[in-house]
Structures are given as C-alpha cells and as structure tokens.
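All heavy atoms count here, side chains included; hydrogens, waters and symmetry mates do not. Start at 1 and go down the list; that is how both ligands and their atoms are numbered. In this text the structure is predicted, and so the values were computed from the model without any measurement.
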Amino acid sequence: MRWSFRLMTVAGIGLYIHVTFFILLIWIGAMYYLPRHSVPDALYGLAFVIALFIIIVLHELGHALTARRYGIRTRDITLLPIGGVARLERMPEDPRQELAVALAGPAVNVALAIIFFLVLVALSQPILPVNLGDVSIMSANFLRRLLWVNVILAGFNLLPAFPMDGGRVLRALLAMKMDYIHATHVAATIGQAVAIIFGFVGLFTNPFLVFIALFVWMGASAESSMVQMKAGLGGIPVSRVMITDFKTLKPDEPLAQAAEHLLAGYQQDFPVVDGGEQILGLLTRSRLVEGLAKNGQSTPVGNVMETNFVAAHPSEMAEAAFIRLQHSDCRSMPVLREGKLLGMVTAENVGEFLMIQAALHGEARPRMV
Ligand SMILES: [Zn+2]
C-alpha cells in the first residue's frame, strides 16, 4: 500500500504503518492534552492507542499464522487509522480452513479479554465500571479499558458481513452445505442487509455507523464479484481467453509509428518482437507517452519499451495468470511459448470473456475485473 512504511518484521511478515496513522496519534494526543493542558494526560491517550494497535496487530497475526498452517503466505500487515489489514496471498478454498482462518482473529481478542479479566480478578478489582475520566496508566482502570476493547473488537469483527471476519465465518459455514458461489452470494446478501440496518440506525443515532454501513456494503459486493470472477475462470487455460488479433512493433520502429497504432485502434500496449517473433519487450501506453514527451517521436521503440513485464504460458490456468497480471504494473501480458509471442491477455478481454460466460450460463454479470 502506498504511503506506508515498514515498522518491523513479525514472524517473517512485514508490518507497515500508513502515514495517516500518525495523524490519528497527533489527534488523540491533542484530545487528551487540551482539557487540562496536561502532558501526562496526552501520554495516557497515546499509550492507550498504542496498546489498542498492538492488540490489532495480534488479531491480524492470528489470521496470518493460521493461514500459514495451510501453506498460505501473508504479504504484509498494514495499520490504518480504521484498523489493521493482513493481505493474505489467497483465501483457502476448503471452507473448514477458511472458517479457522477467519475465526483466528476474533479468537485472539477473546483470549486477550480472558487474560485481562483474570489479571483483574487476581488483583481483586471489579471489571466494571470503566471510568473514562481516570487517566492513570498504572491503574486497574487501564486494564479494564483494554478488557472491554477486546470484547468490542471480537463482537464487531464477528458481525456477519463482509469484509468483517464474521462475513467469512458465515460464508464458510454456508459453503459446507452449498457450493461456494451460492454461499458467497447468500453471505453477501445477508451482509448488505446488515449494512442497511446499520445505515438506517446510523442516520438517527451516530453518523459514524453510516460510514461503516457504506464500507460493509462495498465489501460485500466486491467479495461477491471476486468469487464470480474466480468461478468464471476456473479450469480455463490462457489460450482460450487470450487475444490473437493485435499489432506488434519492431524495436527499430519510431515512436511515431506506435502513436499511430495507439490512435487508430483500441490496443494500448504493444509487444515488441524481433524478426523471429521472439519477444523483446512491451511498449505500454505510459512508456509511449513518456518517451514522446522526453525523447521525441523519432526515438526507436526499443529505447523506451518496458523490459520488465509478466508473461503467461498458453496452457497455464487463466486464473493464476490473471492474478499475476493484477499484481504487476502492466495492464496486459504477452502469452509466450519458448519466448515466441502467441497472444495477449488484458484485464478488459478477461472481463469480456467473463461477461460472455455469464450470459451463456445466465448468471449475473460480474461487476469487477
Ligand atoms: Zn480479522
């Protein structure tokens, strides 16, 4: 994620902090400082937020380390002001594994709540009431707040709506009884119903709930489209979705020639090949525009083409190739057999393929590709 920097590595997973997180810290510090112009109050506020985010990191590590047991790596964990995000390489396809991964996060909060509860009991302190005016770090009240924060985090994350963990729990449970796409559809619909209730209650009570509702609504439809995409591409080789009608360039052709091709058709990225149809690079639209601006239109294509691109094999599964394309900086990928150019795959043509598949099978049109 942009505007994030690495704080440290935990269990081999990079932990990143988004810059907006510091705005939150400054804001919290100021909120605690202002009423009494007291530095200890500000430090208390910061200590509480930092404790809160350590709890959130532990929650995300719960997901990440459970996923690792099923051979799924986590790219990174990023802390945002709204919480943490663990980017797993993929979700497990077996519903029982997805259930375990989804439950592991809230389970960490339940475990932490139990620990804080036991510490309070050991100190013979009550667990209620929480006094929000008491700002002493070395007090039972601090522990009491951490106990209830964990209870709230567990409850909130278990709401049965994507992108909350509860949405995945619900989908995994449904997937044990029905097929995965149907299960996702039902879970997403329940999630959107939850979002409507949240939004409605929020209108009359707390505007913050309306934001959460929006977030949940978008999460539900994104999840549903993603699964439709995966299902539409399942078991289909690259050779069936690739474009075979496209223009290529020679490395010694001028950029003016490429600009003409760009304006004349729909194609945005041009494979650069030598006489034997061996691929040398990819002239992307942005490289072309940049090259024209910097070096002029007589510059040979070979001087500005992208040589660092992803490629696909014709017999490889389209889903794997498409995920690779999404994670690259290019919008299209050449399909190669032994370095020889056979076709091109672009996000648009995969989208078109899915639309045709959906129309043939009478399913709803996938919204996201
Ligand atoms: Zn979670």
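With sequence neighbours excluded, the residues forming a salt bridge (charged side-chain N to carboxylate O under 4.0 Å, His left out) with Arg287 are Glu306, listed by chain and number. Listed by chain and number, the residues in a ring pair (Phe, Tyr, Trp, His ring centres under 6.0 Å) with Phe198 amount to none (sequence neighbours excluded).
With hydrophobic clusters built from ILVMFWY side chains whose heavy atoms lie under 4.5 angstrom apart, Ile114 shares a cluster with Leu146.
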Apply side chain to side chain contact (heavy atoms under 4.5 Å, CB included) to the pair Met333 and Met344, showing each step before the final yes or no. CA-CA 6 Å; Met333 70 201 297; Met344 293 282 283; over 6 Å; no

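Here 4 is the count of protein N, O or S atoms positioned under 2.8 Å from the Zn ion (ligand 1), waters not counted.
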Got a list of side-chain donor-acceptor pairs under 3.5 Å for residues 117-128, not counting sequence neighbours?
{"from": "Gln125", "atom 1": "OE1", "to": "Arg144", "atom 2": "NH2", "distance (Å)": "3.1"}

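Using cut-offs of 30° and 60° on the angle between ring planes, the pair Tyr32 and Tyr44 is tilted.
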